[in-house]
Amino acid sequence: MPESLQQFFEARRQSVRKAREFATRALDGWGPTSRTEDIRLCVSELATNAVLHGTARGHGFLVRLDIDDNCVRLEVHDSRRQQPVVREPTATDISGRGLTLVAALSDEWGVRDRTPLGKIIWSCFKTADDAAQSISPPVPYHDDRPLEVR
């Protein structure tokens, strides 16, 4: 049976750490998975992109995690429709590797429009090797606030 958790974050740099901590709590609550560090790194990269590029003034972003028997799905919802671009940074560039990391670490990823505004960047991490382990429900940590900060 699928499980879902989500949390809203303000568009501030400190929120990247908080989003990673949220993901850690969710994944720890669901039980061990060999993909935890990959998922945490992708949360960091996608949350950073949301803060730096994906949120309009006065808006925040949402991180959602879903788990079922063979996959953890990560979604980051933000308030801008501008599509992200996978860049090919040079060796001396200090940024621009986030989506390249997400593509390398996840089994699938993509972007879709979010209604009424914004987009959702998602990635999936297969956990079939972990399916034999029991998955218990996590401690509830749910936030249904809209993306707009009031």
Side-chain angles (χ1 to χ4, degrees), residues 2-131 133 135 138 141 143 145-149:
E3 299 272 347
S4 297
L5 290 172
Q6 64 184 26
Q7 184 173 343
F8 173 84
F9 299 92
E10 293 182 16
R12 294 192 280 174
R13 290 182 186 264
Q14 306 91 309
S15 295
V16 174
R17 176 184 47 81
K18 292 178 181 180
R20 192 173 47 249
E21 291 169 353
F22 159 74
T24 299
R25 284 192 306 272
L27 295 166
D28 287 350
W30 284 328
T33 173
S34 61
R35 305 297 301 273
T36 296
E37 289 308 311
D38 292 345
I39 297 166
R40 283 174 32 91
L41 181 55
C42 289
V43 167
S44 290
E45 295 300 332
L46 296 179
T48 297
N49 284 353
V51 169
L52 296 178
H53 311 292
T55 52
R57 190 176 210 27
H59 293 259
F61 66 97
L62 180 90
V63 175
R64 178 184 171 114
L65 289 165
D66 299 298
I67 190 168
D68 63 23
D69 290 338
N70 58 11
C71 179
V72 173
R73 180 181 171 98
L74 163 64
E75 295 180 354
V76 176
H77 300 225
D78 65 33
S79 57
R80 287 204 172 126
R81 285 266 163 102
Q82 180 182 359
Q83 296 292 303
V85 177
V86 178
R87 295 177 34 198
E88 293 185 30
T90 66
T92 58
D93 286 342
I94 59 172
S95 65
R97 292 171 180 80
L99 290 177
T100 302
L101 285 170
V102 170
L105 295 174
S106 64
D107 295 301
E108 290 182 75
W109 78 279
V111 182
R112 65 183 170 95
D113 287 341
R114 181 179 187 277
T115 303
L117 70 140
K119 66 184 167 298
I120 299 169
I121 303 178
W122 59 269
S123 55
C124 289
F125 304 83
K126 293 179 183 170
T127 59
D129 295 341
D130 304 322
Q133 299 181 27
I135 296 176
Y141 200 82
D143 193 335
R145 288 184 287 170
L147 291 181
E148 186 174 342
V149 178

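Sequential numbering from 1 along the given sequence is applied to the chain's residues. Here the structure is a predicted model, which is why all the values come from computation and not from measurement.
- Side-chain atoms of F22 and V43, non-hydrogen and from C-beta on, never get closer than 4.5 Å to each other.
- Taken to the nearest 0.5 Å, the CZ atom of R20 stands 9.5 Å off from the CD atom of E45.
- Nearest heavy atom pair, residue L105 against residue R35, reads O-NH2, 2.5 Å.
- Proximity of F61 to L46: side-chain heavy atoms (C-beta onward) are nowhere separated by under 4.5 Å.
- Distance alone, capped at 3.5 Å, places no donor-acceptor pair between the S15 side chain and the A11 backbone.
- A donor-acceptor pair under 3.5 Å links the side-chain atoms of K119 to the main chain of R80, judged by distance alone.
- Looking only at side-chain heavy atoms (C-beta outward), I120 and H77 come within less than 4.5 Å of each other.
- Taking the side chain as every heavy atom from C-beta outward, V51 and E10 never approach each other to under 4.5 Å.
- Expressed to the nearest 0.5 Å, how far SG of C124 lies from CD of E108 amounts to 5.5 Å.
- Here CZ of F9 is found 10.5 Å from CZ of R17. Values are rounded to the nearest 0.5 Å.
- When atom types are taken as modelled, the side chain of R81 and the backbone of R114 share a donor-acceptor pair closer than 3.5 angstrom.
- Here the closest non-hydrogen pair linking T48 and S44 is OG1-O, 2.7 Å.
- A 6.0 Å sphere centred on CD of E21 holds more than 12 heavy atoms belonging to other residues, nucleotides or ligands.
- Put simply, the side chain of R64 reaches to within 4.5 Å of the side chain of D66, judged on heavy atoms.
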Next item on the list: For the pair W109 and C42, evaluate side chain to side chain contact (heavy atoms under 4.5 Å, CB included) and give the outcome as yes or no after the intermediate values.
Entry: CA-CA 11 Å; W109 78 279; C42 289; over 6 Å; no

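- Taking the charged nitrogens against the carboxylate oxygens, R40 and E37 do have a contact shorter than 4.0 Å, which makes a salt bridge.
- Nearest heavy atoms, W122 versus V111: NE1-N, 3.7 Å.
- Between R112 and R73, the shortest heavy-atom distance links the atoms NE-NH2, 4.1 Å.
- For the residue pair V76 and A50, the shortest heavy atom distance occurs at CG1-CB, 4.0 Å.
- When every heavy atom of L65 is checked against every heavy atom of A26, the shortest pair comes out as CD1-CB, 3.8 Å.
- We find the CG-CG distance between L74 and D38 to be 11.5 Å, quoted to the nearest 0.5 Å.
- Distance check: H59 NE2 to T55 OG1 gives 9.0 Å after rounding to the nearest 0.5 Å.
- Atom OG1 of T127 is separated from atom CG of L27 by 10.0 Å, given to the nearest 0.5 angstrom.
- No side-chain heavy atom of E3 sits under 4.5 Å from any side-chain heavy atom of V72.
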